[in-house]
Engineer: 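The structure is given below, and queries will be raised subsequently.
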Amino acid sequence: MAQSDPLYRQIAADLREQIRGGQLKAGDRLPTEAEMREQYGVSRNTVRLAFAQLQNEGMITSTQGRGTIVREQVITTYHASWAESRDRMSSDQVDAFHAEQAAQGHKSAYRDFEMRIVPASPELAERLSVDEGDSLVSRSFVRQVDGDPSSLQDSYYPMDIAQECGLLTPHDVAGGAIRAMAAKGHVEIGYIDEVTTRMPRPDESRKLGLGIGTPVLVYVRTTYSDTRPLRLTLTIFAGDRNRLVYELGDISGYHGENGYAS
């Protein structure tokens, strides 16, 4: 960081280097504003600007009673190529999300489950090949990893499929919805994925506990049988704690613990 940069950026760079270098670890409390002012010989506003920059980067957070602390930077991986196909395996009776997180050494959970009947918007109607305004079944919940919210998921099903497959229930379906559909002959054999990023909406920021300036990863999957669309799943990932991975082609040389070739 050049000395000509504003003082708050120089201070933020110093703290950032300490966090990345391990001198300040996850959960450590940063000095108070008064201590920072004395240490760096700057004004309160300069300290606040430095803290704000690091908070926008998702590196620190302020909590009542604890002051400003270093955020834990835990990145979990979602293997988009095979995560949901695992849920269709008869030998795998564990929910795909739980199985994947357990394989990474994390504890996972669903909370705030909600089942609703909603009219198809123009976009949903086009993607699911139904008429605009037709009833869709929406099944949504918050996915947690190690006790913290990780993503928001909302799946939409055409009404006839939902009725036939027992998805009009106000609770989770044993074995998962994908397996329930397959048992009735609605087997997913292909999908179209769309991935974008944007800033979160207020309710998304609140549900995911996002720091100021943290974006979300918007992941839309539309699945198909050999005759029709079966579902559309919208997942909103917290951008500071998730990684989306696709595996394409021959990966027989795939090694390593964290999803990378060694």
Side-chain angles (χ1 to χ4, degrees), residues 26 58 61 71-89 92-116 118 124 136-157 162 165-167 169-181 188 191-211 214-223 230-247 258-259:
T61 186
R71 292 187 62 182
E72 187 172 12
Q73 302 293 312
V74 176
I75 303 296
T76 61
T77 300
Y78 180 79
H79 289 89
S81 301
W82 54 260
E84 292 181 342
S85 65
R86 291 185 57 178
D87 194 47
R88 296 197 300 269
M89 292 183 180
D92 184 5
Q93 296 302 310
V94 180
D95 176 274
F97 174 69
H98 295 318
E100 183 176 30
Q101 294 307 314
Q104 296 176 50
H106 300 296
K107 294 181 179 180
S108 58
Y110 295 144
R111 65 173 176 83
D112 299 339
F113 176 84
E114 184 179 11
M115 189 278 293
R116 298 173 296 139
V118 299
L124 287 172
L136 302 175
V137 172
S138 164
R139 300 175 62 83
S140 63
F141 45 78
V142 178
R143 300 198 297 192
Q144 288 185 322
V145 175
D146 296 333
D148 294 321
S150 176
S151 59
L152 313 175
Q153 189 167 95
D154 195 352
S155 293
Y156 298 89
Y157 304 86
C165 302
L167 304 183
T169 57
H171 51 73
D172 200 10
V173 175
I178 298 171
R179 190 177 287 121
M181 290 193 298
E188 297 181 349
Y191 51 78
I192 295 175
D193 285 355
E194 302 166 60
V195 182
T196 57
T197 58
R198 60 170 169 78
M199 297 308 296
R201 296 163 185 157
D203 63 318
E204 295 167 347
S205 184
R206 174 180 55 81
K207 290 178 181 179
L208 290 171
L210 299 177
T214 303
V216 291
L217 179 70
V218 182
Y219 171 51
V220 179
R221 167 166 287 187
T222 309
T223 70
L230 297 179
R231 69 177 167 97
L232 181 146
T233 294
L234 168 66
T235 307
I236 307 295
F237 289 100
D240 60 344
R241 65 201 78 150
N242 287 281
R243 172 174 54 206
L244 190 65
V245 172
Y246 283 89
E247 299 163 7
N258 296 313

Engineer: Got Glu188 and Ile178 here, is their nearest side-chain heavy-atom distance under 4.5 Å?
Structural biologist: yes

Engineer: Side chains of Leu244 and Val195: does their closest heavy-atom pair fall under 4.5 Å?
Structural biologist: yes

Engineer: Minimum heavy-atom separation for Gly166 to Val173, with atom names?
Structural biologist: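 The pair with the smallest heavy-atom distance is O-CG2, 4.0 Å.
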
Engineer: For Met115 and Val137, what are the C-alpha separation, side-chain angles and deciding distance, and is it a side-chain contact (heavy atoms from CB on, under 4.5 Å)?
Structural biologist: CA-CA 7 Å; Met115 189 278 293; Val137 172; 4.1 Å; yes

Engineer: Looking at Glu114 and Arg139, does any basic side-chain N land under 4.0 Å from a carboxylate oxygen?
Structural biologist: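 Answer for the salt bridge query: no.
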
Engineer: Taking atom types as modelled, is there a side-chain donor on Asn242 or Ser150 under 3.5 Å from an acceptor on the other?
Structural biologist: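 Distance-only check passes for Asn242 and Ser150.
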
Engineer: Just verifying a value: how many Å separate Thr222 OG1 and Glu194 CD, rounded to the nearest 0.5 Å?
Structural biologist: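 If we round to the nearest 0.5 Å, Thr222:OG1 and Glu194:CD are 6.0 Å apart.
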
Engineer: Once side-chain hydrogen bond (donor to acceptor under 3.5 Å, both in side chains) is applied, do any residues pair with Ser155, and if so which ones, sequence neighbours excluded?
Structural biologist: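 Counting only residues at least two positions away or on another chain, Ser155 forms a side-chain hydrogen bond (donor to acceptor under 3.5 Å, both in side chains) with Thr233.
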
Engineer: Less than 4.5 Å apart, side chain to side chain, heavy atoms only: is that true for Val142 and Tyr110?
Structural biologist: no

Engineer: What is the minimum heavy-atom distance between Ala238 and Leu210, and which atoms define it?
Structural biologist: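 Minimum heavy-atom contact is CB-CD2, 3.6 Å.
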
Engineer: Can you see whether Tyr157 has Arg231 sitting over its ring - NZ or CZ less than 6.0 Å from the centre and within 45° of the normal?
Structural biologist: no

Engineer: For Ser108, enumerate each residue passing the side-chain hydrogen bond (donor to acceptor under 3.5 Å, both in side chains) test, keeping only those at least two apart in sequence or located in another chain.
Structural biologist: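 Testing Ser108 for side-chain hydrogen bond (donor to acceptor under 3.5 Å, both in side chains), a comparison that skips the adjacent residues, returns His98.
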
Engineer: Which heavy atom in Pro200 sits nearest to a heavy atom in Pro215, and how many Å separate them?
Structural biologist: CD-CA, 4.1 Å

Engineer: Could you list all the side chain to side chain donor-acceptor pair (under 3.5 Å) pairs where at least one residue sits in residues 198-211, not counting sequence neighbours?
Structural biologist: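 Every pair satisfying side chain to side chain donor-acceptor pair (under 3.5 Å) with a residue in residues 198-211: Arg198-Glu204.
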
Engineer: Got a second to check how far Cys165's SG is from Arg179's CZ, nearest 0.5 Å?
Structural biologist: 13.5 Å

Engineer: Going from CG on Leu217 to OG1 on Thr197, what distance comes out if it is rounded to the nearest 0.5 angstrom?
Structural biologist: 7.5 Å

Engineer: Looking only at heavy atoms, what is the nearest atom pair of Thr169 and Phe113, with distance?
Structural biologist: O-CE2, 3.9 Å

Engineer: Between Tyr219 and Asp193, do the side chains contain a donor N or O and an acceptor N or O under 3.5 Å apart?
Structural biologist: yes

Engineer: Report the residues that fulfil side-chain hydrogen bond (donor to acceptor under 3.5 Å, both in side chains) with Asp240, sequence neighbours left out, ordered by chain and then residue number.
Structural biologist: Arg71

Engineer: Can you tell me how far OH of Tyr156 sits from CG of Leu136, rounded to the nearest 0.5 angstrom?
Structural biologist: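 Here the rounded value is 8.5 Å.
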
Engineer: Could you walk me through whether Thr235 and Leu152 pass side-chain contact (heavy atoms from CB on, under 4.5 Å), step by step?
Structural biologist: CA-CA 6 Å; Thr235 307; Leu152 313 175; over 6 Å; no

Engineer: To the nearest 0.5 Å, what is the distance between OG (Ser151) and CG (Leu234)?
Structural biologist: 10.5 Å

Engineer: According to the salt bridge (Lys or Arg N to Asp or Glu O under 4.0 Å) rule, which pairs have a member within residues 141-155, sequence neighbours left out?
Structural biologist: Arg116-Asp154

Engineer: I'd like to check the side-chain hydrogen bond (donor to acceptor under 3.5 Å, both in side chains) partners of Gln104; sequence neighbours left out, ordered by chain and number.
Structural biologist: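 Testing Gln104 for side-chain hydrogen bond (donor to acceptor under 3.5 Å, both in side chains), a comparison that skips the adjacent residues, returns none.
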
